Amino acid sequence: MTILILFALLLLAVVYAVFFVVFKLAWLLFKSHSNKGPLITAGVCTVLVGTVLTVGAWMGVRLVTAPFTELAARVKQNPAPVYGQRVYQDNRFPFELTVYDGMDFSKWISLGGLDLKLGIDTNAFKKNAQGKPHENFLISILARQSAIDDKDPLQVLQSQLEAAQAQRRLTLSSQERTTINDLPAYLAQGEAYSNRGKINFWVSGVQTAPDTLYYVGVLALLDTPQVQQQAQSMVSSFHLIAQPR
């Protein structure tokens, strides 16, 4: 935080110096050699720039964190770990799926034709019965893509993962075209690579309409039999809920 404050002060000093030079030149054009006018004008402009940047940064932070505020509030209100299996039913789109332990989700984030939400086992922020933090937990990504114009969007998903494997960004340990609750689907699992090491992943794509695809992704740092069972169950449990007529 101290470094950020010093950097901000340095940036404002540079902005002030630039404004002073600009206004000093303007004053000289009007044959005035006074420094008072340029100093005051540069100060006012620097304050305005600083205010705009501060408000912009604050609004940017709020925009990024807004989908997670309710999730954070629920974690704070329920400090005890949560264990077991339950059915998650979405409050915006007509689907449900099986989740485990403290898995909870953010609000939906809309990006054009793609809607997504992030989920995490909130036990990661809590301590177990021994007073120790949970070391292994699941992170999930739910997404809905609409207005797809590909003839076989599941094949597109499969091709994208295979291309990433060819580029050595991940390794697929299994993949298959299948059905999930009578809907055309694609399932895959493997390992992705990052600067911090290996990340285990499980992903499914479920086609609910010719132009609509749902994705369920699960990530975990450790690959244990329990994690395998939970992740595989989660990505293969997508169930489309019939809408009342």
Side-chain angles (χ1 to χ4, degrees), residues 52-74 88-99 103-122 138-167 169-170 172 175 177-190 192-195 199 201-220 231 234-244:
V52 170
L53 291 177
T54 301
V55 172
W58 177 75
M59 292 180 65
V61 170
R62 285 202 61 181
L63 183 65
V64 172
T65 59
F68 305 95
T69 52
E70 292 184 5
L71 172 59
R74 289 192 292 270
Y88 164 78
Q89 189 172 105
D90 193 68
N91 58 4
R92 179 174 174 184
F93 297 112
F95 74 88
E96 61 184 19
L97 69 157
T98 301
V99 297
M103 179 62 66
D104 200 352
F105 294 91
S106 69
K107 290 183 177 180
W108 284 99
I109 303 168
S110 296
L111 303 170
L114 180 68
D115 296 283
L116 62 87
K117 63 172 20 180
L118 303 180
I120 187 170
D121 181 353
T122 56
L138 299 180
I139 296 174
S140 61
I141 303 171
L142 306 181
R144 179 183 185 273
Q145 186 179 8
S146 58
I148 300 173
D149 57 6
D150 298 299
K151 292 183 179 179
D152 190 353
L154 293 174
Q155 181 59 49
V156 173
L157 173 60
Q158 180 176 348
S159 299
Q160 290 172 340
L161 289 175
E162 290 174 346
Q165 179 173 239
Q167 297 167 3
R169 291 185 290 161
L170 57 83
L172 294 170
Q175 60 172 326
R177 292 289 291 266
T178 183
T179 59
I180 294 178
N181 289 312
D182 299 323
L183 294 170
Y186 168 76
L187 282 170
Q189 70 178 75
Y193 309 112
S194 69
N195 294 334
I199 300 175
F201 73 87
W202 296 259
V203 63
S204 64
V206 184
Q207 189 172 7
T208 59
D211 63 345
T212 305
L213 200 66
Y214 283 86
Y215 305 87
V216 181
V218 177
L219 307 174
M234 186 171 171
V235 298
S236 60
S237 65
F238 180 93
H239 178 240
L240 193 66
I241 302 172
Q243 292 293 309

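Quick caveat, the model's predicted, so the values are computed rather than measured.
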Non-hydrogen atoms of L154 and G205 that approach each other most closely: CD2-O, 3.4 Å
N181 side-chain N/O to F238 backbone N/O, donor-acceptor pair under 3.5 Å: yes
Nearest-0.5 Å distance that lies between atom CD1 in I180 and atom CD in Q207: 12.5 Å
Taking it one step at a time, do L170 and I199 satisfy side-chain contact (heavy atoms from CB on, under 4.5 Å)? CA-CA 9 Å; L170 57 83; I199 300 175; over 6 Å; no
Does V156 reach the side chain of Q160, with side-chain heavy atoms less than 4.5 Å apart? yes
Just so I know, are the side chains of P94 and L240 near enough to count as touching, which here means a heavy-atom distance under 4.5 Å? yes
Do the side chains of K107 and E70 get nearer than 4.5 Å, heavy atoms only? yes
On the 0 to 90° scale, with breaks at 30° and 60°, tag the F105-Y88 ring pair as parallel, tilted or perpendicular. tilted
Rounded to the nearest 0.5 angstrom, the NE2-OG1 distance for H239 and T98 is 10.5 Å
To the nearest 0.5 Å, what is the distance between CG on D152 and CG on L157? 10.0 Å
Distance (rounded to the nearest 0.5 Å) between T178 OG1 and L187 CG: 6.0 Å
Go through the steps to decide whether F93 and D115 satisfy the test side-chain contact (heavy atoms from CB on, under 4.5 Å), and finish with yes or no. CA-CA 10 Å; F93 297 112; D115 296 283; 3.9 Å; yes
Might you point out which heavy atoms bring F201 and L219 nearest each other, and give the distance in Å? CB-CD2, 3.6 Å
Would you sort out whether F95 and L142 count as a side-chain contact (heavy atoms from CB on, under 4.5 Å), showing the intermediate values? CA-CA 11 Å; F95 74 88; L142 306 181; 4.0 Å; yes
Between the CG atom in L116 and the CD1 atom in I141, the distance rounded to the nearest 0.5 Å is 8.0 Å
Pairs under 3.5 angstrom only: tabulate donor-acceptor contacts from the side chains of residues 211-218 to other protein residues two or more places apart or in another chain.
unit_1, atom_1, unit_2, atom_2, d
Y214, OH, R144, NE, 3.0
Y215, OH, Q145, OE1, 2.5

List the atom of M103, the atom of G119, and the distance in Å for their closest heavy-atom pair. SD-C, 3.7 Å
Using only atom types and a distance under 3.5 Å, with no angle test, would you say the side chain of S204 pairs donor to acceptor with the backbone of V235? yes
Test item: Q89 side-chain N/O and E96 main-chain N/O as donor-acceptor pair under 3.5 Å: no
pair K117-I109: side-chain heavy atoms closer than 4.5 Å: no
Side chains of T122 and D104, donor plus acceptor under 3.5 Å: no
At their closest point, which heavy atom of S237 faces which heavy atom of L97, and how far apart are they? OG-CB, 3.3 Å
Distance-minimising heavy-atom pair for P153 and P210: CG-O, 4.5 Å
Minimum-distance pair of heavy atoms, taken over all atoms of L183 and T208: CD1-CG2, 4.0 Å
Counting distance only, does the side-chain N/O of D90 pair as donor-acceptor with the main-chain N or O of R92 below 3.5 Å? yes
Just by distance, no angles: are the side chains of Q189 and Q175 close enough, under 3.5 Å, to form a donor-acceptor pair? no
